[in-house]
Number of protein chains: 2
Amino acid sequence: MKAKEENTELEILNAAKEVFQEKGMAGSRMQEIADKARINKSMLHYYYRSKQLLFEAVFKNAFRLLAPQLNKVLNDDSELFDKIRNFTNNYISFVIGHPYLPNFVIQELNKNPDFIEKLRVEKDFPRIEKFKAQVEDAITRGIIKPIRAEQLFINIMSLNIFPFIAAPLLQGLINVEEKEYRELMERRKTEVADFIINSIRL
Amino acid sequence: MKAKEENTELEILNAAKEVFQEKGMAGSRMQEIADKARINKSMLHYYYRSKQLLFEAVFKNAFRLLAPQLNKVLNDDSELFDKIRNFTNNYISFVIGHPYLPNFVIQELNKNPDFIEKLRVEKDFPRIEKFKAQVEDAITRGIIKPIRAEQLFINIMSLNIFPFIAAPLLQGLINVEEKEYRELMERRKTEVADFIINSIRL
DNA sequence: ATACGGTTCAACCATTTGGTTGACAAATAT
DNA sequence: ATATTTGTCAACCAAATGGTTGAACCGTAT
């Protein structure tokens with residue numbers, strides 16, 4: 001019965017992902033997850049024991065998906081400007097495939113900041129050292145203006161992630177419909193990289 | 001009994017603010033709000049009828065506090081570069097006084113995007129028109145490179161707001177303690193403005 | 001055929017949670 | 001002084017919610 005088992009388990013994880021990522025831990029109901037997975041509520045506990053454990057499974061999965069994205073900035077071998085262009089261009093496609101994911105990770109990390117320590121031990125946890133060296137090297141070689149790698153990294157993340165996290169607010173403020181907002185995001189694929197590079201290039 | 005009445009009502013609103021902003025609508029408990037306000041749970045319903053209405057009171061209050069901040073970018077009379085510098089410098093002080101507020105507004109707007117329409121009718125709802133004209137004027141006069149006002153606005157918001165919303169994640173990624181992260185934020189008061197202006201200045 | 005391990009579910013259970021009620025106290029109006 | 005309105009609370013209530021249980025089911029090894 002191996003096939004069935006893995007199937008149900010995955011079905012649950014998938015349903016849980018959708019519900020948790022959209023409504024957060026506190027706003028999600030086990031019954032809703034069960035319904036979405038088309039199984040009995042008991043099955044959730046049979047496979048994952050408790051809401052907390054099911055949540056953690058979903059969260060870790062989400063982070064494992066997000067981490068490689070961040071590593072494209074921190075641990076990729078490409079040259080600095082290419083890296084910025086690539087990440088910016090790639091990230092939007094990633095978000096379209098996983099619209100709730102980045103916000104989900106950020107929110108639940110806000111509610112439980114200690115959890116980041118548990119993630120850090122996992123392999124592929126993004127580390128800044130390499131990026132830091134790269135930025136410092138580019139400064140020494142006179143390619144970019146002096147800037148702390150941490151600040152540049154925060155800027156890159158901010159410009160790429162925030163417009164999706166705050167979409168409803170921003171949409172309301174600049175007073176555009178969803179369609180036009182998506183077009184704005186589409187243009188950001190190249191514009192954000194230019195904006196960043198313009199700012200730091202010597 | 002006027003004084004007592006207003007007192008209790010405010011006490012409740014204040015306690016509700018703390019709880020709702022930290023835990024969100026779904027994660028908050030009426031009992032916890034009552035405890036924090038040092039009153040009986042019945043009083044919450046006496047003054048605000050339901051959790052939903054109490055929440056909406058808190059939310060509208062929060063937005064009324066946030067709106068003037070955004071208007072410093074959108075509807076202030078100062079010159080573009082000054083405006084960017086002022087906002088950036090000001091915003092961090094605002095966030096220190098209201099650490100959970102921006103994220104609270106953004107999150108609840110995410111869970112209920114239609115709510116923005118109800119806010120738009122309120123006076124002082126931030127509007128982009130003036131800022132748009134100002135940016136277009138600066139482009140025409142050859143002061144800044146061509147850029148859509150919407151994109152510039154999104155960039156300003158992103159660079160200022162995101163580092164606080166995603167603090168635990170970013171702190172973990174760049175691997176610094178809270179204290180050092182606060183110092184990074186402190187430096188951003190001037191650095192972010194420079195970063196933006198560098199990018200758009202001709 | 002039969003025993004056995006994992007899988008599935010309907011029915012339950014205990015607790016939590018938002019909300020109500022009725023009695024009483026404290027102001028205010030008459 | 002007395003009636004009336006307003007504020008406060010302990011005790012309740014019904015529904016929702018996370019979790020448990022025991023029986024049935026099903027594929028497989030013996």
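Any value given below was found using the heavy atoms of this structure, including those in side chains, with hydrogens, waters and symmetry copies removed. Numbered from 1 within each chain, the chains take letters A, B, ... in sequence-line order.
Residues meeting the side chain to side chain donor-acceptor pair (under 3.5 Å) test with A:D82, sequence neighbours left out: none.
The closest side-chain donor-acceptor pair between B:N155 and A:R188 falls under 3.5 angstrom.
Here B:E191 does not pair with A:R148 in a salt bridge; the nearest charged N to carboxylate O distance is not below 4.0 Å. For B:K60 and B:E56, the salt-bridge test fails: no basic side-chain N is under 4.0 Å from an acidic carboxylate O. A salt bridge links A:R120 and A:E117; the closest N-O separation between the charged side-chain nitrogens and carboxylate oxygens is under 4.0 Å.
The side chain of B:T8 places no N or O atom within less than 4.0 Å of a non-bridging phosphate oxygen (OP1 or OP2) of D:dG7. The phosphate of C:dT8 has OP1 or OP2 within less than 4.0 Å of a side-chain N or O from A:Y47.
B:F63 and B:F59 have parallel rings, their planes meeting at less than 30° on a 0 to 90° scale where 60° marks the start of perpendicular.
In this entry the distance linking CG of B:N40 with C1' of D:dA11 reads 10 Å, nearest Å. Taking atom CD1 of B:I39 as the reference point, atom P of D:dA10 lies 11 Å away to the nearest angstrom. Regarding B:L44, its CG atom lies at a distance of 12 Å from the P atom of C:dT20, rounded to whole Å. Spacing between atom CD of A:E9 and atom P of C:dT8 amounts to 10 Å, rounded to whole angstrom units. A:E11 has its CD atom 15 Å from the C1' atom of C:dT7, to the nearest Å. Between the C1' atom of D:dC26 and the CG atom of A:N7 lies a distance of 16 Å, rounded to the nearest Å. Rounded to an integer number of Å, the gap from A:M43 CE to D:dT21 P is 15 Å. Remark: P of C:dT8 and OH of A:Y48 are 12 Å apart, rounded to the nearest angstrom.
An angle of 10°, rounded to 10°, separates the two end axes of the helix from C:dA1-D:dT30 to C:dT30-D:dA1, each defined over five pairs.
Distances were taken from every side-chain heavy atom of A:S42 (C-beta onward) to each of D:dA10, D:dT6, D:dT21; the shortest belongs to D:dT21.
Counted within 6.0 Å of CD on B:Q52, heavy atoms from surrounding residues, nucleotides or ligands total more than 12; the atom is thus considered enclosed.
Shortest non-hydrogen contact noted between B:P102 and B:V95 is CG-CG2, 4.4 Å.
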Reading 5' to 3' through nucleotides 13-19 of chain D, protein heavy-atom contacts under 4.0 Å coded B for base, S for sugar-phosphate only, - for none: ----SBB
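Looking at B:I154, B:I84, B:V192, B:T88 one by one, the single match for side-chain contact (heavy atoms from CB on, under 4.5 Å) with B:L159 turns out to be B:V192.
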